[in-house]
Amino acid sequence: MIQLKKKFKIGIIGTGGIAHSHIRAYQSFADNVEVVALADLVPGRAEAFAKQYGIENARIYKNDRDLIDGEKELDGVSICTYNRQHAGPTIYALEHGVNVLLEKPMCVTLEEGIEMMKAEKKSGKILSVGFQPRFDKNMQMIKRIVESGELGRVYYIQTGGGRRRGIPAHDNKTSFIEDETAGIGALADIGCYSLDMCLNAIGYPKPLTVSGFMTDYFGKDPETYKYKETQAELIASKFGVDDFAGAYIRLEGGIHLDFRISWAINIDTPGDTLILGTKAGLRIPSTNCWNGTTGGPMTIYRQVAGEEVEITVPLLQNKPEDGTLWQRKVGSFLHAIETNGPSPVPTSQIIINQAIIDGIVRSNEAGREVTVEIPEV
């Protein structure tokens, strides 16, 4: 794992599901990290969280602003709130001189992302976005293959994946599917991962145009939930986001991106990821849950001496001594604070990811192709 020298005081804003992964990672750096403050809008949830992880001395706050205002020695915060509550707490923390590890997706709209970047630039603090798959050796191998020139000039990418049935909603948990909390569904929840996998590999070229669509056929149908949940009608009535999205994106450099992502679909997978180049093509097996790595060994297709050949790229094992993906994600954030940067997952890249998601939403609403313009910050 990353070796740290400094002692860090950390706050966690939002103590729901994903915050559990954050605190477990922080506590693995026990000699260097103290989680001193928690904030949650739901009464009693932060207190229960503190008790579960043995940090009863952590101060409890009702919201992000109270926490930031009340803690004068914070080195950083993890923001683990609903999608629609990513921008506000991030901007407030940065404006008050606090470094931020923000859960994905970056936000809901491109405009929010730009405002976050402005606050980051003005503050001089670190804002890292939570894409832990980047720390997986197999994901890193994709980037290495592309950068090596093995594929030649990349001109077409097919990516996406997702779940056959995997809408993240339960009788008592619907924050992922309600518009007022999530804002975007499968597109942002797991679509941002598949976009990052490919865009990071090819150097994050800017998008030019997007033609996209989103559906909610399964999310709004009680039949989707009735065999597993006791309140199927209630869950379906609250569904206000997408359960499937697809798009065709034109990128700078003559690269074309064919994208699809699902929480629910009547087929086993929307497809493997394909990266096609002028010298070779790369197939990356799909995964049904985006657990941080590829779905199996990758294959390179090319010609050698006039013969068509396939080269298997074996799955690489992440070494236990390097820590889990979450430990690397959190450790890299802390290391960036200690060394004054750069951000491990910089907003200069993720704003492009967000611009594509924003473009798909706008294209769906307009029923046509839309152009994408990302303001300079």
Side-chain angles (χ1 to χ4, degrees), residues 2-15 18-19 22-23 25-26 29 32-39 58-59 61 63-81 83-132 134-135 192 196 204 326-355 374-377:
I2 292 174
Q3 299 300 308
L4 301 169
K5 298 178 181 179
K6 183 180 175 180
K7 301 287 186 178
F8 297 90
K9 294 184 182 297
I10 297 294
I12 297 178
I13 297 172
T15 56
I18 204 65
H22 280 253
I23 193 165
Y26 281 124
F29 295 95
N32 297 91
V33 176
E34 181 184 5
V35 177
V36 298
L38 305 170
R59 290 169 288 280
Y61 296 90
N63 57 59
D64 63 289
R65 294 197 170 203
D66 285 353
L67 186 150
I68 297 298
D69 292 344
E71 299 292 326
K72 303 304 181 184
E73 297 181 355
L74 279 179
D75 294 293
V77 291
S78 275
I79 294 181
C80 307
T81 54
N83 295 350
R84 286 199 181 277
Q85 287 296 317
H86 280 189
T90 296
I91 292 171
Y92 196 78
L94 291 169
E95 287 177 340
H96 289 75
V98 180
N99 300 289
V100 175
L101 175 57
L102 171 66
E103 254 312 307
K104 61 79 193 168
M106 184 176 182
C107 47
V108 174
T109 69
L110 176 59
E111 289 76 13
E112 287 176 333
I114 293 300
E115 292 305 309
M116 293 159 76
M117 290 182 70
K118 288 179 179 177
E120 175 192 21
K121 183 177 181 179
K122 185 176 180 180
S123 71
K125 294 297 179 178
I126 292 164
L127 171 55
S128 185
V129 187
F131 283 82
Q132 66 273 5
R134 282 206 185 186
F135 299 96
C192 65
D196 186 65
Y204 258 103
W326 279 89
Q327 288 169 331
R328 288 178 234 173
K329 167 177 165 173
V330 164
S332 67
F333 170 61
L334 298 172
H335 181 69
I337 298 174
E338 187 172 82
T339 59
N340 196 30
S343 173
V345 185
T347 56
S348 59
Q349 294 177 352
I350 306 306
I351 195 66
I352 293 173
N353 190 306
Q354 192 66 44
I374 305 175
E376 291 293 331
V377 176

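The figures here come from the full heavy-atom set of this structure, side chains too, leaving out hydrogens, waters and symmetry mates. Everything numeric in this text was worked out from a predicted model, so none of it was measured.
Using a 4.5 Å cut-off on side-chain heavy atoms (C-beta onward), His96 and Asp69 make contact. Inter-residue side-chain proximity for Ile2 and Arg328 is flagged as unmet; no heavy-atom pair is nearer than 4.5 Å. The shortest distance between side-chain heavy atoms of Asn32 and Leu334 does not fall below 4.5 Å. Phe333 is not listed as a side-chain neighbour of Ser78, based on a closest heavy-atom distance of 4.5 Å or more. When side chains are defined from C-beta on, Met106 counts as touching Thr347, because their heavy atoms get closer than 4.5 Å. Using a 4.5 Å heavy-atom cutoff, the side chains of Lys329 and Phe131 are not in contact. Lys104 has its side chain out of reach of Asp196: every pair of non-hydrogen atoms, C-beta onward, lies at least 4.5 Å apart. Considering only heavy atoms from C-beta on, Leu110 comes within 4.5 Å of Ile351 through its side chain.
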Is there a side-chain contact (heavy atoms from CB on, under 4.5 Å) between Gln327 and Phe135? Walk through the geometry before answering. CA-CA 10 Å; Gln327 288 169 331; Phe135 299 96; over 6 Å; no
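Here the closest heavy-atom approach between residue Ala25 and residue Val330 is recorded as CB-CG2, 3.6 Å. Between Val345 and Ser128, the shortest heavy-atom contact is N-OG, 3.4 Å. Considering every non-hydrogen atom in both Cys80 and Ala19, the closest pair reads SG-CA, 3.9 Å. Between Ile350 and Arg134 the shortest heavy-atom distance is CD1-NH2, 3.8 Å. Closest approach of Ile352 to Ile374, counting heavy atoms only: CG1-CD1, 3.9 Å. The two atoms that bring Ala37 and Ala58 nearest to each other are N-CB, 4.1 Å, heavy atoms only.
Applying the 6.0 Å contact sphere to NZ of Lys72 captures more than 12 heavy atoms from other residues, nucleotides or ligands.
A distance of 12.5 Å separates CD1 of Ile12 from OG1 of Thr81, quoted to the nearest 0.5 Å. Atom CD of Gln85 is separated from atom CD1 of Ile13 by 10.5 Å, given to the nearest 0.5 angstrom. Between the OG atom of Ser332 and the CD atom of Gln132 there is a distance of 10.5 Å, given to the nearest 0.5 Å. Annotation: the span from Tyr61 atom OH to Leu67 atom CG amounts to 6.0 Å, rounded to 0.5 Å. Of the inter-residue distances, the one linking Ile114 atom CD1 with Glu376 atom CD reads 8.5 Å to the nearest 0.5 angstrom. Interatomic distance, Asn99 CG to Ile337 CD1, rounded to the nearest 0.5 Å: 4.0 Å.
Salt bridge status for Asp75 with Lys6: present, with a side-chain N to carboxylate O gap under 4.0 Å. A salt bridge does not link Arg84 with Glu112: none of the charged nitrogens is closer than 4.0 Å to a carboxylate oxygen.
The backbone N or O of Lys122 lies less than 3.5 Å from no partner atom in the side chain of Lys125, so there is not a single donor-acceptor pair. Looking at His335, its side chain never comes within 3.5 Å of a backbone N or O of Gly331 through a donor-acceptor pair. Counting only distance, with no hydrogens or angles, the side chain of His86 and the backbone of Pro105 share a donor-acceptor pair below 3.5 Å. Using modelled atom types, one side-chain atom of Gln354 and one backbone atom of Cys107 make a donor-acceptor pair closer than 3.5 Å. Within the 3.5 Å criterion, the main-chain N or O of Tyr204 finds no donor-acceptor partner in the side chain of Gln349. At distances below 3.5 Å, not a single donor-acceptor pair connects side-chain atoms of Glu34 with backbone N or O atoms of Ile10.
Shown here are the side-chain hydrogen bond (donor to acceptor under 3.5 Å, both in side chains) partners of Arg65, two or more places apart in sequence or in another chain: there are none.
For the side-chain contact (heavy atoms from CB on, under 4.5 Å) with Ile79, the lone residue among Val100, Leu101, Leu127, Asp64 that qualifies is Val100.
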